[in-house]
Novice: 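Structure provided below as structure tokens; questions to follow.
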Amino acid sequence: MTGAIQDGVTRPMTAVRAAGFTKAALRGSAFDPLGQSRGPAPPLEAKKKDSPEEKIKQLEKEVNELVEESCIASSCGDLKLVLFNLASQYSVNEMYAEALNTYQVIVKNKMFSNAGILKMNMGNIYLKQRNYSKAIKFYRMALDQVPSVNKQMRIKIMQNIGVTFIQAGQYSDAINSYEHIMSMAPNLKAGYNLTICYFAVGDREKMKKAFQKLIAVPLEIDEDKYISPSDDPHTNLVTEAIKNDHLRQMERERKAMAEKYIMTSAKLIAPVIETSFAAGYDWCVEVVKASQYVELANDLEINKAVTYLRQKDYNQAVEILKMLEKKDSRVKSAAATNLSALYYMGKDFAQASSYADIAVNSDRYNPAALTNKGNTVFANGDYEKAAEFYKEALRNDSSCTEALYNIGLTYEKLNRLDEALDCFLKLHAILRNSAEVLYQIANIYELMENPSQAIEWLMQVVSVVPTDPQVLSKLGELYDHEGDKSQAFQYYYESYRYFPCNIEVIEWLGAYYIDTQFWEKAIQYFERASLIQPTQVKWQLMVASCFRRSGNYQKALDTYKDTHRKFPENVECLRFLVRLCTDLGLKDAQEYARKLKRLEKMKEIREQRIKSGRDGSGGSRGKREGSASGDSGQNYSAGSKGERLSARLRALPGTNEPYESSSNKEIDASYVDPLGPQIERPKTAAKKRIDEDDFADEELGDDLLPE
């Protein structure tokens with residue numbers, strides 16, 4: 001409809017009627033012919049530089065440029081350039097067969113004057129394919145075709161030949177190439193590779209000569225031109241302008257590369273060029289001191305001290321480091337940092353703190369020194385101050401993982417769990433497969449009472465270190481708390497497999513089999529516990545009780561007798577023997593009952609002496625403590641079956657305390673089975689069955705004791 005209202009404004013019926021203000025417009029939006037009420041136009045969306053579209057456009061542009069270049073070359077009749085571009089692209093895209101074929105077409109043309117360079121490219125392709133014999137063949141062909149006036153190109157080809165010989169394991173041929181290079185135009189890479197080759201063949205004297213040749217390579221860097229005079233302002237401006245230009249950056253990179261080659265070569269040959277590594281380092285230090293790299297001598301001394309540390313010769317290391325402590329600030333800071341770490345590992349926190357202060361004062365921006373200082377403060381319990389040192393270390397070097405790890409531990413000590421978790425998650429982003437970091441994250445989640453997340457992170461720890469018994473036992477503990485006994489058993493059993501000496505794991509496995517009434521399987525774990533803790537009587541009593549519960553009364557009796565021989569003053573063992581011998585009708589019951597009565601009398605006399613030595617308040621306090629312990633026992637009995645069993649195991653002598661016959665603890669005179677009363681069997685008949693073996697709650701009758 002032509003007269004319909006759209007957006008509140010009427011359209012004219014015909015071209016004769018003018019458009020503009022009408023009364024009908026009041027029924028819709030306000031009069032705004034310029035559209036000002038809509039506000040400013042939205043900003044243009046910024047282009048993403050790393051978007052796939054931009055990458056495709058950039059590649060398309062490069063391809064078009066190459067195509068245009070090839071088209072221009074083709075129109076000019078320069079078909080070789082077209083083929084060269086094609087071969088280069090084949091090589092870049094790892095289409096080596098096509099690249100070699102294209103290069104071969106160009107090389108076959110006798111009129112082409114740069115065939116040597118192309119054959120070097122073909123040699124590079126063969127080297128990438130690890131076809132060393134053909135690579136050397138084409139390098140030598142290229143060397144023959146490159147004129148002698150092009151010295152730099154010939155040197156590069158010879159370096160490629162040397163690298164190929166090294167990768168092929170032909171060190172003697174590589175030595176010939178590098179020796180020729182060092183005699184014609186010595187350079188750092190050739191000198192470094194020559195030293196490595198002599199190290200590979202084990203020639204000590206040639207190693208020394210190659211190292212000397214490497215140090216003698218001139219750097220061709222003029223440091224004086226960067227020192228600005230104080231009288232000429234124009235010269236000062238020029239000097240300031242060139243202090244960090246591209247040439248200066250290139251010179252810094254060259255110097256850093258030279259120092260890296262020299263330090264690596266010295267660390268490689270020092271242990272083998274003399275009778276001892278110390279003598280080898282001393283020779284390298286003397287050679288370096290006589291060269292243009294004097295400042296590297298102190299770094300070699302520090303490496304010498306570190307080598308002593310690796311060999312656990314701490315006295316020699318400390319002696320060298322204390323000598324270096326008197327050098328310039330950089331070396332002094334490095335030496336003091338190592339000394340601080342040494343004393344910290346030796347638990348001498350005062351000396352560690354002193355040397356950490358020296359290292360920090362010598363170089364305030366040394367993150368290792370600040371971390372060591374934080375460690376000494378952490379050891380003294382001042383966690384807030386330790387966190388400040390770790391933070392400063394991170395401000396100086398955000399990649400200092402030691403400081404980030406330690407600040408996470410500090411926040412954990414301060415109970416700032418959210419901040420600790422944040423630190424360890426950041427560290428996990430840097431060290432993806434660090435088992436320590438993953439375990440700390442799991443530990444934080446456990447402290448935050450989030451067991452599901454703790455289990456998830458511990459599973460990642462197991463994927464990194466699948467044979468760590470501590471992590472496996474922790475997983476078993478978490479699953480046990482969650483009530484998943486089957487998963488808990490799986491991880492506890494795996495932990496026991498890798499480390500069968502953890503008494504807590506052994507106790508849990510034994511308790512698990514008792515709870516499931518597999519007495520025979522529980523016996524092997526309690527026997528293992530008795531081997532680990534032979535002075536603890538409770539493990540042997542548990543073994544005997546398992547034998548009795550499984551119906552093997554003779555084996556149980558033998559175990560009780562053996563336990564009595566080892567622990568003749570143990571009252572519980574005698575009670576078991578009296579009851580078992582009585583039930584089996586053995587004559588030894590009276591003998592064991594006599595011994596039991598004598599031990600109980602001795603216990604009564606001992607208790608009377610203890611009571612007489614106490615005052616009224618002490619007695620009342622002991623009474624209150626006794627009642628409190630009784631309440632805790634009732635709490636254990638109110639729990640589940642597994643908790644009751646664990647409580648019974650804990651009620652026996654402590655696993656970390658040796659058995660003492662003269663214990664002052666009050667002993668219950670009644671007979672108590674360490675495994676608790678036997679579980680009643682399901683009733684299958686109307687008549688109630690009496691469990692004749694269950695005598696846990698019976699007291700010892702007076703008729704069993706002699707008059």
Side-chain angles (χ1 to χ4, degrees), residues 80-81 83-201 206 209-210 213-214 216-220 250 253-254 257-258 260-261 264-265:
K80 302 181 187 63
L81 181 58
L83 291 173
F84 178 75
N85 289 340
L86 179 61
S88 299
Q89 292 306 309
Y90 278 141
S91 178
V92 169
N93 288 279
E94 297 183 358
M95 300 170 67
Y96 298 129
E98 292 83 353
L100 289 172
N101 292 335
T102 308
Y103 278 130
Q104 195 68 35
V105 171
I106 305 174
V107 170
K108 285 182 178 179
N109 189 347
K110 302 298 183 181
M111 302 299 294
F112 187 64
S113 59
N114 296 322
I117 299 176
L118 294 185
K119 287 182 178 177
M120 185 179 71
N121 290 355
M122 296 173 74
N124 293 338
I125 293 175
Y126 281 121
L127 181 60
K128 290 178 182 178
Q129 293 179 330
R130 297 186 179 182
N131 191 342
Y132 302 123
S133 59
K134 281 199 172 184
I136 292 171
K137 174 184 176 182
F138 275 90
Y139 284 142
R140 286 178 171 168
M141 290 169 63
L143 191 64
D144 293 338
Q145 295 182 10
V146 172
S148 58
V149 294
N150 198 345
K151 184 181 293 186
Q152 290 294 332
M153 181 59 67
R154 293 179 63 85
I155 293 297
K156 289 181 180 179
I157 295 173
M158 293 179 68
Q159 284 182 335
N160 287 1
I161 292 174
V163 169
T164 309
F165 277 130
I166 290 176
Q167 293 192 14
Q170 302 176 24
Y171 299 110
S172 299
D173 295 326
I175 287 171
N176 294 332
S177 297
Y178 287 123
E179 284 284 8
H180 184 67
I181 294 171
M182 293 302 289
S183 63
M184 291 178 57
N187 61 76
L188 294 170
K189 288 185 179 180
Y192 175 66
N193 288 334
L194 182 61
T195 308
I196 291 176
C197 290
Y198 280 127
F199 174 80
V201 299
K206 294 293 180 64
K209 292 181 179 178
K213 289 180 180 179
L214 172 62
V217 174
L219 275 178
E220 299 177 355
M250 187 181 70
E253 292 174 0
R254 179 178 173 81
M257 182 180 67
K260 177 185 176 182
Y261 286 158
T264 306
S265 299

Novice: Using 0.5 Å steps for rounding, measure from the CZ atom of R154 to the CE atom of M184.
Specialist: 6.5 Å
Novice: Hey, are the side chains of L127 and Q167 touching, using non-hydrogen atoms and a 4.5 Å cut-off?
Specialist: yes
Novice: Run the side chain to side chain contact (heavy atoms under 4.5 Å, CB included) check on K137 and M141 step by step: do they pass?
Specialist: CA-CA 6 Å; K137 174 184 176 182; M141 290 169 63; 4.1 Å; yes
Novice: Could you go through the salt bridge (Lys or Arg N to Asp or Glu O under 4.0 Å) check for E179 and K213 one step at a time?
Specialist: CA-CA 10 Å; E179 284 284 8; K213 289 180 180 179; 2.9 Å; yes
Novice: Do you know the tightest heavy-atom contact between P218 and R254?
Specialist: O-NH2, 3.4 Å
Novice: With respect to Y139, which candidate in T164, D144, N124 satisfies the side chain to side chain donor-acceptor pair (under 3.5 Å) definition?
Specialist: N124
Novice: How long is the span from the CD atom in Q145 to the NZ atom in K119, to the nearest 0.5 Å?
Specialist: 3.5 Å
Novice: For S265 and L214, which heavy atoms make the closest approach, and how far apart are they?
Specialist: OG-CD2, 3.6 Å
Novice: Are the side chain of T264 and the backbone N or O of Y261 linked by a donor-acceptor pair below 3.5 Å?
Specialist: no
Novice: Specify the closest pair of heavy atoms between C197 and A174, including all atoms of both residues, with the distance to one decimal.
Specialist: SG-CB, 3.9 Å
Novice: Taking it one step at a time, do N160 and K156 satisfy side chain to side chain contact (heavy atoms under 4.5 Å, CB included)?
Specialist: CA-CA 6 Å; N160 287 1; K156 289 181 180 179; 5.6 Å; no
Novice: Walk me through it: do I181 and Y178 pass the test side chain to side chain contact (heavy atoms under 4.5 Å, CB included)?
Specialist: CA-CA 5 Å; I181 294 171; Y178 287 123; 4.1 Å; yes
Novice: Are side-chain heavy atoms of N187 and I155 found at a separation under 4.5 Å?
Specialist: yes
Novice: State, to 0.1 Å, how close A135 and G123 come at their nearest heavy-atom pair, and which atoms those are.
Specialist: CB-O, 3.6 Å
Novice: What's the shortest heavy-atom distance between V201 and Y171, and which atoms?
Specialist: CG1-CB, 3.8 Å
Novice: Could you grab the distance from atom CE of M257 to atom CG of L219, nearest 0.5 Å is fine?
Specialist: 8.5 Å
Novice: Where do V146 and I157 come nearest, in terms of heavy atoms and distance?
Specialist: CG2-CD1, 3.8 Å
Novice: Listed by chain and number, what are the ring pair (Phe, Tyr, Trp, His ring centres under 6.0 Å) partners of Y126, not counting sequence neighbours?
Specialist: F138
Novice: Between I136 and D173, is the side chain to side chain contact (heavy atoms under 4.5 Å, CB included) condition met? List the steps.
Specialist: CA-CA 11 Å; I136 292 171; D173 295 326; over 6 Å; no
